[in-house]
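All of these numbers come straight from a predicted model, not from anything done at the bench.
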Protein chains: 2
Amino acid sequence: MPRSTRAVQGRQLEHPEAGQIQLEAVLSALADPIRLRIVHDLSQGHEDMACIAFELPVSKSTSTHHFRVLREAGIIRQYYEGTSRMSRLREQDLQERFPGLLAAVLNAQDARPSPDRDTAATPGRDRVGS
Amino acid sequence: MPRSTRAVQGRQLEHPEAGQIQLEAVLSALADPIRLRIVHDLSQGHEDMACIAFELPVSKSTSTHHFRVLREAGIIRQYYEGTSRMSRLREQDLQERFPGLLAAVLNAQDARPSPDRDTAATPGRDRVGS
DNA sequence: GTCGTAGTTTGACAATCTTCGTAGTACGAC
DNA sequence: GTCGTACTACGAAGATTGTCAAACTACGAC
């Protein structure tokens, strides 16, 4: 089919509605260190981030996969801005659907024994000068 | 080989210490409907339950598998009593390690099964906020 | 001792997941 | 138009997971 007949914004992305978010899907999506890291980074003040800004230790196609899992689980919302795909945590939707869950996970993540994946020598946390 | 050189109590079970419980393991363990059901049942007043008491829709060996996943993740504690293996939620350990996490999951589970959420929007049922 | 109960262990299978590389698309800049 | 950037889609390889049946072990009762 002619996919170019889409709206000018074109690349629309599917998101579950807040009320449709499934608990198993959320837990399953968060049960991966890379996705947990994405969620954690998103929660640290930066409202919207492009995929490239995360500097994940995986290939681009794997990144796409992880972002899609998070999006389809209802954890993040994504939209296009130029060639970039911006991501944002759906904190309010999650809080509404599963009160306290996201906060508990984020809090738990901070309290965890850090495996020093990024090397502890980055207190300022220079997350890419995108 | 001397397989019977085990301790007389024999069947000892490995459990992670409270401080060693991993967030990913917990989330991963809870991201399964059968295990979620086990945890839910354990949280409903019955402190200790034998595996057989759950009436899970799977075979015995699959049950064993799920209980082991929960135990190795640090979510339940198991001990033998006669021929039965009793299970108990490690609520205190989990609360200590990841405050609010288990409570949020259990609460989320109660608010969950609503495939008709579109129609009624469930006004007063699941209260939002803490 | 024998027998039944409760659960484990092993091995197998299919399904799913994570990862990658390659090829492709949409957009912005030139 | 061409080019580069940012990302996607499409397999495919490898690992993990959920499931089962069959054989086994530990315990209690008889």
Specify the separation, in whole Å, of atom [atom1] of [X] and atom [atom2] of [N].
| X | N | atom1 | atom2 | value |
| --- | --- | --- | --- | --- |
| B:Lys60 | C:dT9 | NZ | P | 13 Å |
| B:Glu72 | C:dT8 | CD | P | 11 Å |
| A:Tyr79 | D:dA6 | OH | P | 16 Å |
| B:Glu81 | C:dG7 | CD | P | 11 Å |
| B:Arg85 | D:dC27 | CZ | P | 13 Å |
| A:Leu56 | D:dA6 | CG | P | 14 Å |
| A:Arg68 | C:dC17 | CZ | P | 11 Å |
| A:Leu13 | D:dA9 | CG | P | 9 Å |

| request: For B:Thr62, check side-chain hydrogen bond (donor to acceptor under 3.5 Å, both in side chains) against everything at least two apart and list the hits. | output: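 Partners of B:Thr62 by the side-chain hydrogen bond (donor to acceptor under 3.5 Å, both in side chains) criterion, ordered by chain and then number, come out as B:Ser59.
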
| field | Residue pairs fulfilling salt bridge (Lys or Arg N to Asp or Glu O under 4.0 Å) with at least one residue in residues 71-80 of chain A, sequence neighbours excluded | value |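 Every salt bridge (Lys or Arg N to Asp or Glu O under 4.0 Å) pair that includes a residue of residues 71-80 of chain A, provided the two are not neighbours, is A:Arg77-A:Asp93.
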
| said: Less than 4.5 Å apart, side chain to side chain, heavy atoms only: is that true for A:His66 and A:Leu70? | reply: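 The answer is no; the side chains never approach within 4.5 Å.
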
| field | pair B:Pro16-B:Gln22: side-chain heavy atoms closer than 4.5 Å | value |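 No; the side chains remain at least 4.5 Å from each other.
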
| field | Minimum heavy-atom distance A:Ser87-A:Leu42, with the two atoms named | value |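 Looking at all heavy atoms of both residues, the shortest contact is O-CD2, 3.6 Å.
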
| said: To the nearest 10°, give me the bend of the helix from C:dG1-D:dC30 to C:dC30-D:dG1, comparing the axes of its five terminal pairs at either end. | reply: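 It comes to 20° between the two terminal axes.
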
| remark: With B for base contact, S for sugar-phosphate-only contact and - for none (protein heavy atoms under 4.0 Å), nucleotides 10-19 of chain D reads --------SB

| Which of these, B:Val26, B:Val69, B:Ile21, sits in a side chain to side chain contact (heavy atoms under 4.5 Å, CB included) with B:Ile75? |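 With B:Ile75 as partner, B:Val26, B:Val69, B:Ile21 yield a single side chain to side chain contact (heavy atoms under 4.5 Å, CB included), made by B:Val26.
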
| Under the side-chain contact (heavy atoms from CB on, under 4.5 Å) test, which residues partner B:Glu81, sequence neighbours left out? |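 For B:Glu81, the residues satisfying side-chain contact (heavy atoms from CB on, under 4.5 Å) (neighbours in sequence not counted) are B:Tyr79, B:Met86.
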
| said: List the residues meeting side-chain contact (heavy atoms from CB on, under 4.5 Å) with B:Ala31, not counting sequence neighbours, and say none if there are none. | reply: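 Per chain and number, B:Ala31 pairs via side-chain contact (heavy atoms from CB on, under 4.5 Å) with A:Leu27, A:Ser28.
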
| message | Can you confirm whether more than 12 heavy atoms, excluding those of A:Gln92, are under 6.0 Å from its CD atom? | response |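 Check fails, neighbour count at 12 or below.
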
